[in-house]
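Below is one structure, written out as structure tokens; the observations come after it.
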Amino acid sequence: MKKKNVFDSNFFQKHGHTMIIYGFLFALMLFVSLFNESFFTLGNLKNLLRSSMPLLMVGLGQTLIILTGGIDLSLGGIVALGNVVCVTLMDPDSPAGFLMPVAVTLLMGLACGACNGLMITKGRLAPIIVTIATTAVFDGLALLIMPKPGGSVHRAFARAMTRGLGGAAPLLLFLVVLFLIRRLTNHMPYGKALRAIGGSENAAYSTGIRVERVKLLAYTLAGLLCAIAGIFLSAQINSADATIGKNYAMNAITATVVGGTAMTGAVGDPLGTVAGVFIIAIINNMLNLFGVSSFYQFVCQGLILIVALSFSALRKKHS
Amino acid sequence: MRNLDGYLRSARNGAEIIKGGYILSDNKGKEPLLKMENITKRFAGITALDQVSFSCEKGEVHILAGENGAGKSTILKILSGIHQADSGEITWKGQKVTIKDPQQSQKLGIAMVYQELTLVGEMTVAENIFLNQEPTKPFGGINQKEIKRRIQEIMDRYGIHIDPDVIVNTLPVAQQQMAEILKILIRDPELIILDEPTSALAKKEVEQLYAIVRNLTAMGKTIIFISHRLEELFALGDRITVFKDGHYVGTRKMKEIDEEELIRMMVGRSLENIFPPALCAPEPDKIIFEVSDLTDSEGKLNHISFQVQKGEVLGIAGLQGHGQSELLNAISGLYNLTGGKVMVNGQKVTVKNAGQAIANGIALVPADRKNQGLMLELSNRHNLAVSSMKKRMKGPFIDKKAESSFVEDMVKRLAIKIGNVELPVSSLSGGNQQKVVLGKELATEPKVILFDEPTRGIDVEAKREFYTIMHQLAADGVAVIMNSSDMMEIIGMSDRVMVMYEGRITGILKKEELNEELIMQYAMGLQKNEEEAGA
């Protein structure tokens with residue numbers, strides 16, 4: 001048998017798009033570093049990762065769902081709810097006062113995701129409608145729990161989350177989550193089932209895949225990832241804000257699509273989504289650097305989404 | 001039609017025998033591998049299977065035959081867990097089982113290759129073959145080495161070679177079909193169901209498939225095989241069971257039956273007198289509609305040419321998927337042609353899209369009325385009026401009064417039984433819904449009207465009314481073309497029948513020579529009269 005080399009057509013067929021995305025990401029980084037000498041410093045990179053952490057988590061969750069051909073607009077709501085729940089329950093004075101809130105928040109994330117999943121699978125409702133509705137519910141609950149931003153977080157916990165292990169803690173958390181998710185989507189039967197459903201739900205069903213179970217798990221896992229994002233945000237901003245989640249759902253979709261995952265499902269890679277998140281973060285960073293109004297950042301993100309969608313439509317046409 | 005009564009009797013006897021609960025079996029005392037008894041299945045009020053029974057011995061190739069809509073695919077989908085029977089019993093290896101879903105069917109050792117492929121196009125051949133079946137390593141990761149090894153093994157064993165790492169979408173259909181078969185084989189089932197597996201295959205692959213089937217039975221596997229190709233049935237089958245219109249007709253040993261008897265079993269049926277007489281005679285020298293050399297890019301239509309005479313109903317017959325629907329869609333602007341010409345009343349017209357076709361006087365009553373023909377949630381009034389709205393305008397607004405009187409006229413003309421024109425069209429029975437579709441098309445005042453399976457799923461009385469309307473249209477000088485998989489309808493209604501096989505016209509038959517066997521022979525490509533067809 002011949003040895004597999006990197007330019008084997010199958011390898012490129014599988015990973016070509018992800019490689020192009022990373023190529024674009026690095027080009028973007030080089031471009032930014034022309035204007036910002038401190039871009040490639042350790043401090044800045046740490047900063048970039050820390051500020052991108054929540055979106056990375058949400059983006060990975062969204063990727064799972066989009067691979068099934070679904071979509072979840074309520075992920076931002078779960079992030080906000082996670083932030084609020086985590087901070088409200090936090091006891092800043094007791095040494096282990098962070099354990100219970102973190103556990104409760106994670107469970108809450110699972111529950112929110114499972115709610116979405118159940119309505120979509122058992123209730124046979126369209127994902128987009130269900131999650132528009134639950135967005136309102138989650139946002140509303142977050143506001144009920146904490147009408148005004150505030151609260152404070154367990155000091156040691158916040159420090160450990162954001163700067164622990166010499167600042168490597170967020171990186172470690174990110175790598176562990178990415179490793180697990182990618183293993184799930186690319187190397188385990190579950191991932192094949194996920195993609196099969198995105199490719200053709202009928203085919204998946206007649207192959208004997210438990211379609212409902214697989215989809216339910218995808219939404220539930222996404223909920224869990226959003227809870228992690230909410231906890232991380234709590235540690236990062238040291239308080240809670242019930243409206244903090246409002247841009248996450250769309251940004252996560254943008255990152256997923258920019259990262260090469262098809263909106264129609266089946267095709268995509270969580271690694272691509274990671275690049276997508278960093279591309280968005282760096283472009284925002286750049287706009288800040290050039291002193292562009294933050295309102296233009298929204299416009300810009302919308303445009304990025306349109307461009308990415310057009311590219312994926314073109315790719316589909318040519319294949 | 002001369003021998004039909006005889007056939008009819010034998011068919012009826014078959015049906016009665018089985019209703020009495022007797023199952024034909026060659027080796028009595030030996031428990032069959034599979035027994036399905038008195039299976040009934042309805043879809044939205046239409047009985048697809050009526051008290052049907054079927055059984056299968058271990059190690060045999062059992063052919064399931066019958067016309068389109070006989071219920072073959074339905075009973076096998078019940079077996080594979082896609083559908084669930086409304087009533088009836090399934091016995092598998094001597095034990096009663098209920099099959100709730102495909103997983104359960106697979107666990108029992110039953111695997112099916114469906115007519116429509118069930119591969120995920122975006123995934124590789126290997127991923128598809130091992131879907132939901134992936135060998136794993138201790139930590140749950142997929143064992144790629146094991147997959148490689150087993151694919152190599154199974155490809156060598158059956159002599160099928162496809163690059164396992166290639167994305168399925170990029171493969172030709174025949175290779176996809178072979179991948180689908182590999183996907184079944186890797187699961188090592190005891191009973192393998194093949195639903196028209198050769199329809200997409202070229203000769204070489206068909207030979208390969210035959211070899212696989214023989215190989216499998218030699219290993220003690222059991223095969224159920226659906227096919228329309230006669231030569232195939234005789235080449236492979238041990239026994240054959242024939243279904244007709246959702247009823248069991250009979251089971252025979254392949255050795256003890258000849259082609260003639262088989263066709264007789266497949267087509268014999270009661271001739272209810274539901275066809276009204278024609279209202280005028282065709283006028284052979286007045287050609288009101290003509291197409292020549294219609295060709296598409298996918299080979300579904302190969303140089304189709306025909307003419308419609310004034311006053312005639314032209315029937316299109318053939319087995320499902322031989323280009324009939326594509327032909328009708330092409331003429332009505334819904335399917336792309338690469339060549340050919342369409343003439344209405346001697347004038348060449350273009351039919352690049354549906355709007356053009358309608359403007360040129362061509363209307364289609366589509367086969368799928370629920371999706372293509374009607375807006376189910378909207379009112380009867382809206383459905384009837386929508387195609388001809390622009391004819392009843394008052395400035396920029398719709399003239400409500402004119403619309404009301406138009407709707408009223410149409411309801412009266414077609415004798416549509418409507419409680420209230422403002423109610424949604426979904427509240428009507430199938431037959432009346434179909435009349436609304438027709439009304440909507442007639443409102444455009446077509447010169448050519450194409451019927452695709454016009455009476456599917458509607459009751460006998462409504463059928464009769466529909467047929468009367470078709471004759472009336474023909475008498476009014478509209479060119480009427482009807483595609484139907486219902487042989488009785490074809491024979492009862494058509495002045496001439498054009499038979500299609502693999503995207504070609506194999507023959508155009510005159511009213512005097514119409515009978516089911518002859519049509520079947522043309523539909524299976526066993527006979528051709530192309531000189532006539534080309535005329």
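Lettering of chains follows the sequences in order, A, B, ..., and the numbering in each one begins at 1. What you see is a predicted model; the values in this text were computed from it and never measured.
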Tell me, for [X] versus chain A, whether the close heavy atoms (under 4.5 Å) come from the side chain, the backbone, both or neither.
X	result
Lys183(B)	side chain
Thr136(B)	side chain
Phe139(B)	both
Leu119(B)	backbone

For the residue pair [X] and [Y], what are the closest heavy atoms and their distance?
X	Y	value
Val120(B)	Ala203(A)	CG2-CB, 4.4 Å
Glu122(B)	Ala266(A)	CB-CB, 3.8 Å
Gly140(B)	Pro189(A)	O-CD, 3.6 Å

Residues of residues 205-215 of chain A near chain B, each having a heavy atom less than 4.5 Å away: Tyr205(A), Ser206(A), Thr207(A), Gly208(A), Ile209(A), Arg210(A)
What is the distance from atom [atom1] of [X] to atom [atom2] of [Y], rounded to the nearest 0.5 Å?
X	Y	atom1	atom2	result
Arg195(A)	Glu127(B)	CZ	CD	7.0 Å
His187(A)	Lys137(B)	NE2	NZ	8.5 Å
Lys192(A)	Asn128(B)	NZ	CG	10.0 Å

- prompt: Does CG in Asn353(B) sit with more than 12 non-hydrogen atoms of other residues, nucleotides or ligands closer than 6.0 Å?
  reply: yes
Less than 3.5 Å apart, which donor and acceptor atoms pair up between the side chains of residues 154-161 of chain B and the rest of the protein, not counting sequence neighbours?
none

